[in-house]
Engineer: 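Shown below is the structure under consideration.
Note that the coordinates shown come from a computational prediction; the quantities given were computed from them, not determined experimentally.
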Amino acid sequence: MINKPISIIKCFSLKPQFDYLITKCKSLRQFKQLHAQIIIQETFLSHESSLLQLCKLASFCAVSSHGNLSYSKAIFDQHPNPSLQLYNALIRGFSASFVPQESMILFREMLRNNLEPNNMTFPFVIKACTASSTAEFGILVHTHVLKCGLESDLYVQSSLIKLYANAKCLRSAKQLFDVYPERDTVCWNSMIDAYVKSGEMELARQVFDEMPCRDVISWNSMINGYGVVGRLGEAKKLFDEMPERNIVSWNSMLAGYVKCGNVEDAVKMFRDMPHRDVVSWNAVLACYAQNGKSNETLVLFDEMKFVGVRANEATVVSVLSAIGQLGGLDQGLQLHLYINEQGININLIVATALIDMYVKCGNITEALKVFNSMQTKDILAWNTMLIGLGMHGHANDAQLLFKQMQVEGIVPNDITFVAMFGAFRHAGMTEEGQKLLSSMKSVYGVEPKIEHYGCVIDLLSRAGRLNEALNLIKNMPFKPNDYAYGALLGGCKIHGNAKVAQLVGKHLLELDPQHSGRYIVLSNIYAGAKRWDDARATRKLMQDNGVAKMAGVSVIELMEDVHSFVAGDGLSIK
């Protein structure tokens, strides 16, 4: 859309038209046009009049959705005597920006210039303190509120309640709430929100029940809170009692079902909704993807596109996860193309999801392309790429990437080392794995966990160094779990060592007596060593414990669709 110039008839007529013109600015370009006219008109008007108009221009530009904070701040910095109105506008603008700390700097400057804050100053500077988690500065602002006698202002009160709640000072928030009996709905809702975000649902319910007049925000906060803590029965009861609902009400209830993995009720809620937005669709897509219903995810995504709902970043992350689970590379390539065609922002999360999808679908080349194209990478992106290289046998490349990661100042975490051990396992690099385990604490400052010991036990077991693996289990500073013993049992199977398998199998069956795979592997090891009595005894123990063998599943991609087949399901392909 081309921004049309604002019609300004003559410079000397700007003053009476100024307030009207400034409200018509719909772009930064138009603000600049008006600014230029203010500068020109100084020939006709007094310097003071022009300064007043500049102040109004900067103020409106700072809070307008069409404005620009940097531009407003540039005007502010050149103003010899900024007014309280201009300070307030910039404080308000910066409080909702990516740099809320600027609001606090402006507030300090305002005080140094002997300007007294008013009820339009405090709510936004307190909001900035909350957004930047700077409770200490917020407490200092609170003292100025008291000095100015504005502690009973309802907007100031609700801002302070949110400040203390965000700082986990619930007692201070409640004391502030109780001090002033004159409260509006915003104050009540702020107190409910404070308790909900801290998981204190009993206290939140108490405030909710005492509330003289509830609005839809009050109900939605409670429903969302109950959903977060998994108390879906109470959430549904409140939902059913609501005098009126909006789409947030439905989405809050839907989110509760999704969080608890209740797929059936989530889908029913979704289908019953009178209106759905992209948040509603994303919730059910995430529910399907997180609960292993990958085909359902793809079907719902197709439906979403068919009804004309525009996908966003959250949408494609869920769909990429589903495609990765299915290993449907063609579908993944099509979705990547769709993301580019639709102009969906490939942010850090989407890029990492793309890498994960390509890795799981077996295309390490495309995964590396996405990884190398990323402007910024967090630890999750590095770990995902390291895991992918390891899975595909590129252990040397994984080592190089591990070094590059440190050069770029990314500190490795627990998952990083699991990824590296995985790369060594696929390449059979046992010594490298042992060295890395011993250097985790001393070199990288990461305390090894049982998962890391389990990885090295697996490395040793696969290499046939079963006694070393057994010694590592005995000497590690943790009680062995089923993963550590399972890794050693896997090594016993590879190398046919029934003696060690007998010792390990005993521990495994005690730890997880319902795991069918343990019985079968142990029985097969005995059979391979011709210890038929032990093999039969293991199978009988499995039957006596009521453990059934898990059916085998095959997955194939055919004509751009993914099909799964379960052994013994009675289906046939013609």
Engineer: Using a strict cut-off of less than 4.0 Å between a Lys/Arg side-chain nitrogen and an Asp/Glu carboxylate oxygen, indicate whether Glu234 and Arg231 qualify as a salt bridge.
Structural biologist: yes
Engineer: Would Arg214 count as a cation-pi partner of Trp188, with NZ or CZ less than 6.0 Å from the six-membered ring centre and within 45° of the ring normal?
Structural biologist: no
Engineer: For a quick check under 3.5 Å, do Ser221 and Asn224 share a side-chain donor-acceptor pair by atom type?
Structural biologist: no
Engineer: Looking just at side-chain N and O atoms, do Asn220 and Asn251 make a donor-acceptor pair shorter than 3.5 Å?
Structural biologist: no
Engineer: Less than 4.0 Å between a side-chain N and a carboxylate O, is that true for Glu202 and Arg205?
Structural biologist: no
Engineer: Determine whether the aromatic ring centres of Tyr444 and Phe417 lie less than 6.0 Å apart.
Structural biologist: yes
Engineer: Is the His144 to Phe107 ring centre distance short of 6.0 Å?
Structural biologist: yes
Engineer: With a 3.5 Å cut-off and sequence neighbours excluded, list the donor-acceptor pairs that the side chains of residues 92-101 form with protein atoms.
Structural biologist:
{"unit_1": "Ser95", "atom_1": "OG", "unit_2": "Arg92", "atom_2": "O", "d": "2.7"}
{"unit_1": "Ser97", "atom_1": "OG", "unit_2": "Phe94", "atom_2": "O", "d": "2.7"}
{"unit_1": "Ser97", "atom_1": "OG", "unit_2": "Val99", "atom_2": "N", "d": "3.1"}

Engineer: Please list, one pair per line, the donor and acceptor atoms closer than 3.5 Å that link side chains of residues 341-348 to other protein atoms, with sequence neighbours excluded.
Structural biologist:
{"unit_1": "Gln342", "atom_1": "OE1", "unit_2": "Arg310", "atom_2": "NH1", "d": "3.3"}
{"unit_1": "Asn347", "atom_1": "OD1", "unit_2": "Ile349", "atom_2": "N", "d": "3.2"}
{"unit_1": "Asn347", "atom_1": "OD1", "unit_2": "Val350", "atom_2": "N", "d": "2.9"}

Engineer: For the residue pair Trp281 and Phe270, is the inter-centroid distance of their aromatic rings smaller than 6.0 Å?
Structural biologist: yes
Engineer: Using side chain to side chain donor-acceptor pair (under 3.5 Å), reason through Thr315 and Asn282 one step at a time and then give a plain yes or no.
Structural biologist: CA-CA 5 Å; Thr315 312; Asn282 287 349; 2.6 Å; yes
Engineer: State plainly whether the residues Lys268 and Glu264 are in salt-bridge range, i.e. N to O under 4.0 Å.
Structural biologist: no
Engineer: Quick one: do Asp414 and Lys449 make a salt bridge, cutoff under 4.0 Å?
Structural biologist: yes
Engineer: Answer whether the closest heavy-atom distance between the side chains of Ser133 and Asn166 falls below 4.5 Å.
Structural biologist: yes
Engineer: Less than 6.0 angstrom separating the ring centers of Tyr338 and Phe301, yes or no?
Structural biologist: yes
Engineer: Distance from Lys441 atom NZ to Glu447 atom CD, nearest 0.5 Å?
Structural biologist: 4.5 Å
Engineer: Does the side chain of Met191 reach to within under 4.5 Å of the side chain of Arg183, using non-hydrogen atoms?
Structural biologist: no
Engineer: Would you please indicate yes or no on a ring centroid separation below 6.0 angstrom for Trp382 and Phe371?
Structural biologist: yes
Engineer: Can you see whether Asn88 engages Thr121 through a side-chain donor-acceptor pair at a distance of less than 3.5 angstrom?
Structural biologist: yes
Engineer: Donor-acceptor pair, distance only, cut-off 3.5 Å: does the side chain of Lys259 make one with the backbone of Val228?
Structural biologist: yes
Engineer: Applying ring pair (Phe, Tyr, Trp, His ring centres under 6.0 Å), name anything that partners His507, two or more places apart in sequence or on another chain.
Structural biologist: Tyr485
Engineer: Going by atom types alone, do Asn383 and Thr416 pair a side-chain donor with an acceptor below 3.5 Å?
Structural biologist: yes
Engineer: Apply side chain to side chain contact (heavy atoms under 4.5 Å, CB included) to residues Met211 and Val207 and explain how you reach the verdict.
Structural biologist: CA-CA 6 Å; Met211 203 170 173; Val207 175; 5.8 Å; no
Engineer: Between Tyr358 and His336, is the ring centroid distance below 6.0 Å?
Structural biologist: yes
